[in-house]
Amino acid sequence: MTRESNSNTQQHTQYAAASASKMADDQRMQPDERAEERTEERVEQVTEQVAEHTNGHGTERFPDSTQQTERATEKTEHTSKFPASHPKTARIYLFKTAHILLSISLCIFLLTCGLFVCMNPHVTRACSRASIEKVAAKDAIQHNRMFTQYELVYMAGELRDYSFGAHNKKRLLYAQLKINAAQGRNINAKVRSALADTYNTHKAIKSMIKHANASFRKHTIMQQAPATITKFDERFFITQAALTHLDDVYALGVIARNVSIASAVVSLALVALLFFMNQRVYLGRALKHAGIVTLVLLACGILASLFNFTDFFTQFHEVLFPQGNWSFSADSLLISALPEAFWQKLALIWGTTSALSAIVCFLLGFALTRRRKQL
């Protein structure tokens, strides 16, 4: 009994010493050695699992068990070498974010690029000339007989310049005085005072009227005695309500121009980033997505306008100008110079420009992604 108890005590002592020695060795191990040891343990576990799934003849039930072992080893080694905060993972997130931002900024630019074409003075005058001729040929009653087609086209160009260009009230007023002087119309003191109050030109109103009369009186086409305008009428002038609406249009145009320029700058920066970082797949995807989204939005707008352009035009103004100062009579100077047919032609030019730009963008993106797949 004494000898057996002594032998048991010696065995326990040796086991405790071995355990303490192993713990000390584990504490002295470096992190890399521990990772390698965990990898070896994982390989042994997978090997044991494969052995358990083999039958008595030594053949495996799963033919790919060896490949599973190799994949498990590679996965363990990859996890030990590349943690979640590795720079490679951060770069992937950066490129994905750049891809999303580029798609959004390109879509905004493609939708607004047609606006720059519509703002061109030559485009405005061409659309006004064609629309005024169409209105005159289709409905002689609605056509403004107060002015000639040439004078209305000239007035359309001045309205464009005030809404999207220099935004000069004196120039707009002088244009109205010129076309009225060309028709041989005089302006009484009451109307002259109303014009001075509306356009804030109390000091210059008399000289402007005198200069306009001197320029066009000798070219008047009227044979009867000159008429006198006794009322600040919207058939002859741009009234305060119309001028306020044009001011709102100018403010909206400035916002649209700034947004378009900002989206163009952001798009160029992101394109340069993805291109020089050799991430042409993300670049191609962004170009394709921007083109597709733009074409879908344009298709929705075109379908809505084809069914009833008048309702579409009305709803468009109700959204952008909720104050409701955008409705005028059909024989007013503003509507006579810019009739509904004028806006239809501008909408067609805008949609065509944006659609062609979107198609080019999509084709470039498709070419980039296809070339990358071939490589």
(request) Not counting sequence neighbours, which residues clear ring pair (Phe, Tyr, Trp, His ring centres under 6.0 Å) with F237? List them please. (result) F232
(message) Starting from Y150 and following side-chain heavy-atom contacts under 4.5 Å between hydrophobic residues (I, L, V, M, F, W, Y), which residues can be reached?
(response) none
(message) Tell me every residue that passes side chain to side chain contact (heavy atoms under 4.5 Å, CB included) with T352, counting only those two or more places apart in sequence or in another chain.
(response) L348, L356
(message) Taking transitive links into account, so neighbours of neighbours count too, which hydrophobic residues share a cluster with L111 at under 4.5 Å side-chain distance?
(response) V293, L297, L298
(request) Taking all heavy atoms of S103 and all of A290, pick out the closest pair and write down the distance. (result) O-CB, 3.6 Å
(request) Can you run down the ring pair (Phe, Tyr, Trp, His ring centres under 6.0 Å) pairs that involve residues 246-291, sequence neighbours left out, and say none if there aren't any? (result) H99-H289, H167-Y250
(request) Could you pull out all residues at least two apart from W350 that satisfy ring pair (Phe, Tyr, Trp, His ring centres under 6.0 Å)? (result) none
(message) Going by the rule side-chain hydrogen bond (donor to acceptor under 3.5 Å, both in side chains), which residues pair with Q279 if we only count those two or more places apart in sequence or in a different chain?
(response) none
(request) Just jot down the side chain to side chain contact (heavy atoms under 4.5 Å, CB included) partners of L363, sequence neighbours excluded, or say none. (result) I359
(message) The criterion is side-chain hydrogen bond (donor to acceptor under 3.5 Å, both in side chains); which residues satisfy it with N308, sequence neighbours excluded?
(response) D311
(message) According to a hydrophobic-cluster definition based on side-chain heavy atoms being under 4.5 Å apart (Ile, Leu, Val, Met, Phe, Trp, Tyr only), do L334 and W343 belong together?
(response) yes
(request) Give me the other members of the hydrophobic cluster that L306 sits in, counting Ile, Leu, Val, Met, Phe, Trp and Tyr linked by side-chain heavy atoms under 4.5 Å, directly or via other members. (result) I302
(request) Report the residues that fulfil side-chain hydrogen bond (donor to acceptor under 3.5 Å, both in side chains) with N168, sequence neighbours left out, ordered by chain and then residue number. (result) none
(request) Kindly write out the residues that satisfy side-chain hydrogen bond (donor to acceptor under 3.5 Å, both in side chains) with E318, not counting sequence neighbours, or none if the list is empty. (result) none
